[in-house]
Structure formats: C-alpha cells, structure tokens
Amino acid sequence: MKIAADHRRIYNIKPGKPSPGPVLYWMSRDQRLADNWALLYARQLAERYKSPLGVVFCLATKFLDASWRQYHFMIEGLKEIESGLKKFNIPFFLLLGSAPEVLPAFIKKHGVAQLITDFSPLKIKQSWDAKLAIKIDIPVSEVDAHNVIPARYISDKKEFAAYTIRPKIHRALGEFLTEFPKIEANKFDWPGKFLKIDWANAAQSLKINMSVQPVSDIQPGEKAARAALDKFLRDGLKKYEADRNDPTRDGQSGLSPYLHFGQISAQRIALEVNKTRGHEKSSSAFLEELIVRRELADNFCLYEPNYDSFDGFHDWARTTLNNHRHDKRTHAYTRSQLERAKTHDDLWNAAQTEMVLTGKMHGFMRMYWAKKILEWTTSPEQALDIAIYLNDKYELDGRDPNGYAGIAWAIGGVHDRA
DNA sequence: ATCGGCTCGCGCAA
DNA sequence: TGCGCGAAGCCGAT
C-alpha cells in the first residue's frame with residue numbers, strides 16, 4: 001500500500017483536466033530525490049495515468065543577488081540528481097533560462113499533459129508560476145515539499161509572531177510529521193533519447209557575479225547533506241542547547257545551506273531528531289528553529305509581499321524608524337565599506353569577513369550584524385537594501401525566506417514585541 | 001548587575 | 001471585555 005501525498009500539500013495553480021501524456025515535475029526549490037513530496041506526487045500521477053515521468057530544472061541566468069558561489073553549490077547538487085534519477089527510469093532535463101521563458105516550448109514539444117512544481121513563497125517563484133500558467137494550457141499543481149506543515153494549510157494570513165503560529169504547528173505535527181514512502185522506478189518510458197547535460201555550457205550561460213568563489217568546507221549535494229545530518233545527530237545535537245548561541249563554538253547544525261536548496265528535507269531532519277533519545281532539551285530547541293521559526297518565515301513571505309522592504313514593517317515600527325531618521329549617527333558607512341569589513345568594530349568586521357570567506361555567519365552574530373547596519377547607515381531603507389544585498393550575495397543560505405524574515409526582524413521588529 | 005515599568009496587538013477565557 | 005504574554009526585550013533607576 002503506497003502512501004499518497006496529502007491533498008493539503010497540493011494547490012492548483014492552474015486547474016484543468018489532464019489529457020493522456022507525460023507528467024513533468026518542474027523542480028525549483030526542492031532539489032532532491034529523497035523525501036520530496038512533489039516528486040512523489042508526480043510519480044503517483046504517472047502511475048495513475050500510466051504515463052512517463054520527467055523532471056526538469058530551469059536554470060535562470062541570474063537569481064536575485066546569487067553569485068557563482070551559490071550557483072556552483074546548486075549545480076553540483078543538480079548533477080547528483082541527474083545521475084540519481086536514472087535508476088528510477090525518470091529523465092532529467094536542464095533548460096537554460098527561467099521557467100516562463102523556456103518551459104512552454106518544452107511542454108509543447110514533448111506533449112506534456114500535467115505539470116507539478118514545488119512551493120516557494122518568494123515573489124520570484126510566485127511570479128514564474130503565474131507567468132507560466134497563462135502561457136500553457138495544461139493543469140499545473142504546486143506541492144509544498146519544503147515545509148513539514150504546508151504553508152498554505154497552516155495559516156491563511158500573515159501571522160503576528162511565533163506565539164500565534166506555534167500552537168497551530170504543534171497541533172498539526174501529529175498528522176504531518178510522518179515517514180515518507182520510497183520513490184519507485186516509473187514503469188512507463190519517456191519517448192526518445194536524451195543527451196547528457198552539458199554542465200560547462202550551462203555555467204557559461206550565467207550572467208552573474210563570478211568573483212564570489214565556492215566555499216571549500218561545505219560540500220554540496222544530497223549525499224553531503226545526509227552526511228552533515230548524521231554528523232549533527234551523532235556529535236552536535238547533545239550540545240545544541242548549551243552551545244548554539246555561542247559564536248566561539250561550533251554549536252549549530254550547519255544544515256541551512258542544504259535546507260535552502262532543498263538538498264535535504266526538514267521533515268526528514270525532524271524525523272531523525274525524534275528518533276534520538278536523551279537530549280530532550282536540545283531536541284526541542286532545535287525543532288523550534290527547524291520547524292516553527294522556519295515555517296514562520298515562509299508564512300511571512302507568503303502573505304507579506306513587502307517582505308523585503310520598509311513597507312512590510314508594522315505601523316509602530318515604521319513610526320519609530322521615521323522618528324529617528326535624522327538622529328545623528330556616530331558612524332556612517334557606505335555599502336562598499338561595509339562589504340569590505342572596513343568599520344571601527346572588530347566584532348562586526350569579523351562576522352562580515354566570516355560570511356565573505358566561508359559563505360555562512362553564525363546565527364547569533366546575524367542579529368548584531370543586521371542591527372548595526374541600521375545604526376551605521378543613513379536610512380532604514382538603505383540598511384535593509386544593504387543587509388539583503390550582502391546576505392544574498394555571500395551566504396550559501398541567502399535568498400531565502402529565513403533571510404528576509406531575519407533581516408526584517410532585526411531592522412523592522414517583525415515578529416518581535418512592539 | 002538587577003529590577004520594575006513599559007510597548008501594543010493577538011488570542012483565549014469568561 | 002479583560003487579561004496574559006511575547007526569540008536571543010528596552011531603558012532608566014538603584
């Protein structure tokens with residue numbers, strides 16, 4: 001008996017009756033084969049309609065402020081998916097360009113009958129979905145493969161703070177924090193031959209900043225993600241409660257780059273943490289970060305279109321920030337000075353340098369880092385722009401709802417007390 | 001260092 | 001309508 005994807009994970013972007021023909025999963029945010037509800041659902045449809053199944057990834061020539069560091073991390077993960085899909089009789093296609101630019105022709109050429117995609121609350125993915133939907137005439141469904149509790153299901157509005165979403169999440173966990181079925185090989189062959197993907201050519205198509213180099217001590221991909229999880233379960237979890245907020249210790253999980261690219265499932269991490277025993281305080285603190293705070297960030301971006309601007313802050317926060325627009329700054333720095341870690345503050349410079357060199361900043365330092373940018377620039381709008389620019393350009397886990405929500409918290413009091 | 005008063009909107013209980 | 005409460009609180013008095 002197969003476990004079907006929960007209907008509450010599925011949202012019809014474009015309703016319609018599927019005709020016979022191939023099922024296509026347009027993979028975007030959830031770049032993995034294991035524990036992926038969008039892939040499982042697509043596989044389920046292919047079984048029901050006795051159809052071939054393919055997976056496509058559309059490589060946009062640029063994505064927000066992503067640089068070669070993040071594209072490299074992502075492309076290495078996608079290479080693993082290309083080879084991994086072979087044993088499931090599912091071809092992997094890489095198209096160069098954004099989905100609304102390149103998918104309609106592909107769908108037409110291959111007679112695709114239904115399209116499945118994964119869920120992201122970010123404006124860029126939502127707008128790709130909408131633009132694509134009006135260009136094609138087949139049904140399109142979105143599956144929330146990223147959240148343990150689907151974002152559209154847990155709440156239909158912008159939550160005020162963690163304490164308003166937390167009880168909803170805890171009530172729903174019993175139903176959603178369940179084991180995944182294993183993906184099985186598809187029974188129906190995709191017609192035609194496939195060329196091996198030319199990854200070098202794909203990299204050359206990018207119009208991005210190539211000077212931010214890949215990092216060497218975080219290995220990309222689904223296998224590396226699982227290894228990092230196993231290491232955390234073995235060595236890190238027991239010290240998590242005590243060490244996580246000390247930037248001089250290695251007390252955090254290090255899983256956020258993998259979570260950001262969907263190279264590991266949060267639900268998988270939660271299941272494995274729940275299998276451990278004896279570190280209840282650490283486990284519950286970690287699950288609060290992994291589930292409540294992460295899914296609160298998705299909720300913020302889904303229901304607040306101004307998640308990356310001043311207008312997304314509460315009235316009381318905008319009032320306060322407006323009242324202090326002309327306060328004298330003891331230090332005022334340009335974006336370039338901040339980017340090059342040229343401030344008077346050794347601690348801030350160290351955090352900034354850590355991010356530039358390693359692609360991550362300790363979570364506790366991120367608060368200090370962002371709040372000082374507000375203090376040392378001439379307007380909250382400028383502070384927000386600079387924080388987002390730096391975060392998106394250097395952090396492996398940038399360009400993520402967590403980043404936008406975290407920066408909005410630091411600069412605009414989002415999810416904080418008034 | 002510690003303490004108490006304070007913000008203001010949400011959500012539950014009554 | 002009242003009341004308790006909030007991610008790593010804020011601030012001034014002692």
Side-chain angles (χ1 to χ4, degrees), chain A residues 147-149 154-172 236-237 239-256 259 266 270 280-304 306-307 310-324 327-330 345 347-348 350-351 354-355 360-375 380 383-384 387 391 395 397 400-418:
Chain A
N147 291 298
V148 180
I149 323 288
I154 195 63
S155 179
D156 57 5
K157 61 164 200 224
K158 183 169 79 165
E159 292 291 330
F160 185 74
Y163 77 93
T164 61
I165 202 172
R166 187 179 294 114
K168 297 176 184 177
I169 288 177
H170 283 288
R171 272 197 299 273
L237 183 62
K239 298 179 291 187
Y240 185 75
E241 167 70 10
D243 288 2
R244 65 180 165 138
N245 282 340
D246 184 343
T248 68
R249 292 170 193 270
D250 182 19
Q252 302 193 308
S253 74
L255 292 172
S256 79
L259 283 163
E280 305 310 321
K281 272 189 125 168
S282 278
S283 296
S284 65
F286 180 73
L287 292 174
E288 166 79 9
E289 309 290 334
L290 179 78
I291 303 175
V292 174
R293 305 303 312 194
R294 260 188 62 260
E295 305 201 0
L296 178 61
D298 259 39
N299 170 275
F300 176 60
C301 292
L302 179 60
Y303 295 115
E304 177 49 76
N306 292 312
Y307 57 75
F310 186 78
D311 299 328
F313 301 163
H314 287 297
D315 281 349
W316 57 263
R318 293 205 309 272
T319 303
T320 304
L321 288 166
N322 283 333
N323 287 342
H324 291 276
D327 287 6
K328 193 162 169 56
R329 268 64 170 164
T330 52
D345 180 340
L347 180 60
W348 194 93
E354 177 187 24
M355 179 177 76
K360 65 176 184 185
M361 188 189 299
H362 191 281
F364 213 71
M365 290 308 300
R366 293 189 191 203
M367 299 185 281
Y368 180 73
W369 176 85
K371 289 189 172 198
K372 288 294 163 182
I373 296 175
L374 175 63
E375 184 181 332
L384 199 53
N391 190 63
E395 297 276 18
D397 62 12
D400 189 279
N402 291 311
Y404 301 117
I407 289 169
W409 171 84
I411 294 175
V414 168
H415 300 146
D416 210 352
R417 53 204 300 179

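Below, chains carry the letters A, B, ... as their sequence lines are ordered, and counting in each starts from 1.
- Side chains of A:R294 and A:N147 form a contact here, defined as non-hydrogen atoms less than 4.5 Å apart.
- Between A:E159 and A:K168 there is a side-chain heavy-atom pair separated by less than 4.5 Å.
- Minimum atom distance to the side chain of A:E159 is reached by B:dG11, of the listed C:dA7, B:dG11, C:dG9.
- When distances run from any side-chain atom of A:F160 to the nucleotides C:dA8, B:dG11, B:dG9, the shortest one goes to B:dG9.
- Across the P atoms, C:dA7 and B:dT2 are found 24 Å apart, a figure rounded to whole Å.
- OP1 or OP2 of C:dA8 has not a single side-chain nitrogen or oxygen of A:R244 nearer than 4.0 Å.
- In this structure, A:F300 and A:H415 approach most closely via the heavy-atom pair CB-CE1, 3.8 Å.
- Of the candidate nucleotides C:dC10, B:dG11, C:dA7, C:dC10 has the atom nearest to the side chain of A:K371.
- Of the candidates B:dG11, C:dG6, C:dA7, the closest approach to any side-chain atom of A:R166 belongs to C:dA7.
- With B:dG11, C:dA7, B:dG9 as the candidates, the nucleotide lying closest to the side chain of A:W316 is B:dG9.
- What you find for A:D246 and A:H362 is that their closest heavy atoms are O-NE2, 3.5 Å.
- No engagement by A:H314 is indicated, since no non-hydrogen atom pair under 4.0 Å with the nucleic acid exists.
- Between the P atoms of B:dC8 and C:dC11, the separation comes to 14 Å (whole Å).
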